[in-house]
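These notes are about the structure you will find just below.
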Amino acid sequence: MAERNILRLSFEEGDLYTPRLIALSYGLLLSVTLVIFSSISLDRGVLEKISPILPMDFGLLETSVSSLCALAAFFLALALTPNSQLEEIRPAHFRCYAAYAAVMSSIVVATLTLTVFFPSFFLYHVKELRIISLSQELLLLASGIILTKIAIDALKRRPPSLFGVPGYCLILIMSFAVWILFLEEISYGQHIIGWSTPAIFDGNIQFETNIHNFHTNKFEFIYYNVAMAVFIILPFIRQEIGRYFLKKTLFYIPSVRFGVYSLPMLCLFYESWTIIPYRIEWIFGMFVLILCLYKLPSGERFIAQGMSAVYVIGSCLILVLGANLIDGYEVEEMRELAICVSLFAYSLWLANGVKARSERPEPDEALRS
């Protein structure tokens with residue numbers, strides 16, 4: 001009898017996850033096919049941008065490619081969207097998530113407003129040592145400080161180890177990565193002090209003392225997709241990771257809510273529209289946000305509805321009016337600002353988890369939902 005119940009449970013779980021695996025397979029297969037097709041038939045590299053920015057091409061070929069991108073994005077969104085309703089959370093946590101959603105949505109609204117009405121002002125303030133650039137650097141600096149402090153605190157509070165690596169080492173690795181990002185952003189101090197670029201950096205696209213501008217498109221692709229994986233994908237598959245792989249990883253992966261409210265960062269891919277993976281990710285974010293509308297409790301639903309409206313309307317308007325951009329990289333800087341906001345929010349979330357661990361032998365996962 002017990003064996004029959006186990007078999008029935010396995011069968012039911014298979015029924016639950018098999019459609020999502022099929023959707024994931026279709027989405028990935030179609031995405032890879034589109035990338036190969038674009039590199040062969042559209043006569044451009046996989047990570048090649050069009051410069052200067054031109055009005056969006058709504059011709060037959062590009063429209064067909066966009067439709068197939070939308071289909072691939074829809075399959076991927078179906079694979080990722082949670083099956084069950086999310087539970088209510090405490091009012092204090094609700095306020096934190098509401099503030100996070102408001103900031104992320106505001107970045108999209110500000111991008112659209114500046115693109116359409118104030119393109120010159122927009123271009124001026126994304127340059128080094130201006131408001132938008134400084135905001136990124138300050139958020140990276142704050143995140144680095146928080147993660148370093150967490151790593152020191154973790155020596156006493158002992159967060160879970162993974163694969164034999166102590167928790168404080170894992171957090172120290174995170175803080176090291178953030179400090180490298182910060183130093184790359186300020187060109188290791190060149191933006192502040194203003195020294196001449198050494199001869200060893202002659203191949204640098206922006207003639208700066210940093211590494212990422214030697215191969216900007218490749219580094220950006222890695223940076224953006226790692227950010228999407230950490231702040232969006234992993235939270236959405238958190239339950240599956242805990243169930244089928246390693247439960248201790250749940251301590252380091254935020255909840256589905258964090259993934260939902262991080263989605264606006266995917267709305268800011270206009271200047272990279274010609275890059276097929278970005279085009280799919282842009283549409284994927286829209287579908288996931290819409291599909292999650294009724295997975296959230298009724299008290300949170302209005303937040304997701306507002307975010308969905310900002311995402312959909314903002315995407316449509318910037319497709320039509322995005323050619324107002326002067327240099328094209330302005331939207332890219334706002335995308336990086338959104339990533340920095342997500343990183344800062346994650347640092348605070350992890351700090352709360354480490355602090356809670358000192359108060360309980362095993363932190364209650366519900367409190368970190």
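Fair warning: this is a prediction, and the values are worked out from it, not measured in the lab.
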[X] side chain to [Y] side chain, donor-acceptor N/O pair below 3.5 angstrom:
X: Ser262; Y: Tyr346; result: no
X: Tyr223; Y: Glu336; result: no
X: Arg238; Y: Ser255; result: no

Distance-only, no hydrogens or angles: does the [X] side chain make a donor-acceptor pair with backbone N or O of [Y] under 3.5 Å?
X: Glu330; Y: Pro119; result: no
X: Gln85; Y: Leu296; result: yes
X: Asn352; Y: Leu348; result: no
X: Ser187; Y: Leu183; result: no
X: Tyr252; Y: Pro160; result: yes
X: Glu208; Y: Asn213; result: no

_salt bridge (charged side-chain N to carboxylate O under 4.0 Å, His left out) contacts touching residues 70-86 (sequence neighbours left out)_ = none
*For residues 134-151, pull every pair meeting salt bridge (charged side-chain N to carboxylate O under 4.0 Å, His left out), keeping only residues two or more places apart or in separate chains.*
Lys149-Asp153
Heavy-atom neighbours of [X] [atom1] exceed 12 at 6.0 Å:
X: Ile313; atom1: CD1; value: no
X: Phe214; atom1: CZ; value: yes
X: Tyr168; atom1: OH; value: no

Could you note down all residue pairs passing side-chain hydrogen bond (donor to acceptor under 3.5 Å, both in side chains) where [range] supplies at least one of them, sequence neighbours left out?
range: residues 170-181; value: Thr148-Trp179
range: residues 101-111; value: none
range: residues 313-323; value: Trp282-Ser315

_Residues that Glu300 engages under salt bridge (Lys or Arg N to Asp or Glu O under 4.0 Å), provided they are two or more places apart_ = Arg257
*Mind checking salt bridge (Lys or Arg N to Asp or Glu O under 4.0 Å) for Lys248 and listing every partner two or more places apart, or none if nothing turns up?*
none
*Report the hydrophobic cluster partners of Ile131, with the cluster defined as I, L, V, M, F, W, Y residues connected by side-chain heavy atoms closer than 4.5 angstrom, directly or transitively.*
none
*What's in the same ILVMFWY side-chain cluster as Phe74, cut-off under 4.5 Å, chained through other members?*
Leu78, Ile283, Phe287, Leu291
*asked:* Let me confirm one number: the CG-OG1 distance from Leu68 to Thr63, rounded to the nearest 0.5 Å.
replied: 11.0 Å
_Over all atoms of both residues, closest heavy-atom pair of Leu250 and Trp349_ = O-CH2, 4.2 Å
*Locate the shortest heavy-atom distance separating Gln136 from Cys340; write the atom from each residue and the value.*
O-SG, 3.8 Å
*Could I get the full list of side chain to side chain contact (heavy atoms under 4.5 Å, CB included) partners for Phe121, not counting sequence neighbours?*
Leu114, Phe118, His125
*Quick one: do Val109 and Val103 end up in the same hydrophobic cluster if we chain Ile, Leu, Val, Met, Phe, Trp and Tyr together by side-chain heavy atoms under 4.5 Å apart?*
yes
*Given the rule in the ring-ring contact (aromatic ring centres under 6.0 Å, His included) test, do Tyr261 and Tyr97 qualify, once you have shown the distances and angles that lead to the verdict?*
CA-CA 7 Å; Tyr261 298 136; Tyr97 279 117; 5.8 Å; yes
_Residue list, side-chain hydrogen bond (donor to acceptor under 3.5 Å, both in side chains) with Arg301, at least two apart or on another chain_ = none
*What pairs with Phe122 under ring pair (Phe, Tyr, Trp, His ring centres under 6.0 Å), at least two apart in sequence or on another chain?*
none
_Salt-bridge criterion met for Arg20 and Glu240 (N-O under 4.0 Å)_ = yes
